[in-house]
Undergrad: 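Can you read through this structure? Questions will come right after.
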Amino acid sequence: MRDLLYLERVEQAETLLKPQRIEVLRQLAEPRSCTEVAARLDQTQQRVYYHVKRLVEQGLVTRVDERRVRGINEGVYQATARAYWLSPRLVGRIGRRQHRDEASLGYLLDLMEEVQSDVAALHVQAAQRAVEPEKQEPDLPSLGVSGAIRVRPDRRPEFMADLKSALQDLFTKYGGAEGDAFKLAVACYPDRPHNEDDSSSPGED
């Protein structure tokens with residue numbers, strides 16, 4: 001089971017984005033047969049098999065085993081990945097890319113799109129290297145740090161200057177020609193309210 005499956009084909013998105021099919025996919029977080037999924041969702045086995053078959057055709061679900069039940073071979077299926085990301089390229093950019101101010105959400109949106117694309121590509125490369133079924137995806141070196149800060153409106157320019165200065169120090173210190181190349185992206189945005197159904201908590205987005 002991969003950590004991530006990046007969907008870049010419209011056919012994959014069309015197959016996945018159906019409420020009942022997503023529920024079937026959730027049930028396949030663990031290996032299960034269509035009979036087991038049908039019982040958990042109170043659906044007919046035929047209906048569940050129809051959804052599973054479509055998911056398998058697009059690589060969203062994998063047949064991982066089979067069982068002999070009442071003289072019939074019953075497939076056991078599992079979701080291909082723990083997370084499914086939809087590529088922005090499924091729709092594509094509408095209109096020209098605008099010049100964005102660094103303090104705008106538009107600039108942050110462009111930056112996050114680039115980060116998402118890069119991270120997805122790294123996961124694809126890792127999955128391709130793990131060609132043997134029992135082999136895990138290689139853990140590529142990366143670093144993620146998040147936290148919460150509070151800045152008064154009158155001190156935002158000072159904070160921006162401090163942030164740029166700290167980043168420039170890092171770029172100067174580690175900007176040589178030797179060593180592995182990494183990208184560094186920093187995002188700072190207003191914290192949003194969290195409701196009870198949201199599994200994330202402040203400072204972790």
Side-chain angles (χ1 to χ4, degrees), residues 1-8 12-13 16-17 19 22-23 25-26 29 60 79-127 129-130 136-205:
M1 194 184 209
R2 304 181 193 175
D3 283 334
L4 172 68
L5 189 62
Y6 196 52
L7 308 184
E8 298 186 275
Q12 289 179 309
L16 176 63
L17 296 180
I22 292 176
E23 286 305 311
L25 185 64
R26 291 183 192 279
L60 309 177
T80 302
R82 295 180 179 85
Y84 294 76
W85 286 3
L86 297 176
S87 169
R89 295 192 182 96
L90 285 169
V91 175
R93 185 169 296 279
I94 308 300
R96 293 183 176 181
R97 184 187 293 270
Q98 298 181 7
H99 176 71
R100 310 279 195 178
D101 181 83
E102 288 180 337
S104 71
L105 283 177
Y107 182 89
L108 189 59
L109 181 64
D110 290 339
L111 177 62
M112 291 300 99
E113 183 177 319
E114 180 180 344
V115 171
Q116 180 188 25
S117 178
D118 287 344
V119 170
L122 290 171
H123 272 281
V124 171
Q125 292 174 13
R129 293 175 189 171
Q136 297 291 325
E137 295 179 25
D139 189 14
L140 299 178
S142 60
L143 175 66
V145 179
S146 66
I149 61 172
R150 291 184 178 274
V151 182
R152 294 199 310 266
D154 62 308
R155 298 194 64 188
R156 287 175 187 168
E158 178 186 354
F159 167 73
M160 181 66 78
D162 286 345
L163 179 60
K164 286 184 175 181
S165 177
L167 290 174
Q168 188 57 54
D169 288 344
L170 288 174
F171 292 143
T172 300
K173 184 175 181 179
Y174 297 100
E178 298 180 354
D180 298 327
F182 290 88
K183 278 189 177 180
L184 175 63
V186 177
C188 184
Y189 51 92
D191 200 2
R192 60 185 176 85
H194 298 266
N195 55 45
E196 294 180 357
D197 295 331
D198 194 338
S199 59
S200 61
S201 59
E204 292 181 345
D205 292 321

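Because the structure is predicted, anything quoted here is derived from the model rather than measured.
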Undergrad: Please find the pair of heavy atoms, one from S117 and one from Y6, that lie closest to each other, and give the distance.
TA: CA-OH, 3.9 Å
Undergrad: Is it true that a side-chain atom of T172 and a backbone atom of Q168 form a donor plus acceptor pair closer than 3.5 Å?
TA: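 At least one qualifying donor-acceptor pair exists.
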Undergrad: Minimum heavy-atom separation for K183 and E114, please, with both atom names.
TA: NZ-OE2, 3.0 Å
Undergrad: Return the CD to OG distance between E113 and S87, rounded to the nearest 0.5 Å.
TA: 7.5 Å
Undergrad: To the nearest 0.5 Å, what is the distance between CE on M112 and OH on Y107?
TA: 9.5 Å
Undergrad: Any sub-3.5 Å donor-acceptor pair from Y84's side-chain atoms to L60's backbone N or O?
TA: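 Side chain of Y84 to backbone of L60: a pair is present.
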Undergrad: Which pairs with one or both residues in residues 152-161 pass salt bridge (Lys or Arg N to Asp or Glu O under 4.0 Å), sequence neighbours excluded?
TA: R152-D154, R155-E158
Undergrad: For the OG1 atom of T80 and the CG atom of L4, what is their distance to the nearest 0.5 Å?
TA: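 Here the interatomic distance stands at 11.5 Å.
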Undergrad: Roughly how far, to the nearest 0.5 Å, is CD of Q12 from CG of L17?
TA: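 Going from the CG atom of L17 to the CD atom of Q12 covers 11.0 Å.
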Undergrad: Looking only at heavy atoms, which two atoms of L108 and A187 are closest? And how far apart?
TA: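 Shortest heavy-atom contact: CD1-CB, 3.4 Å.
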Undergrad: With rounding to the nearest 0.5 angstrom, report the CG to CG distance, D118 to L122.
TA: 6.5 Å
Undergrad: Under a 4.5 Å cut-off applied to non-hydrogen side-chain atoms, are F182 and D180 in contact?
TA: yes
Undergrad: Given side chains that start at C-beta, do those of W85 and V119 come closer than 4.5 Å, heavy atoms only?
TA: yes
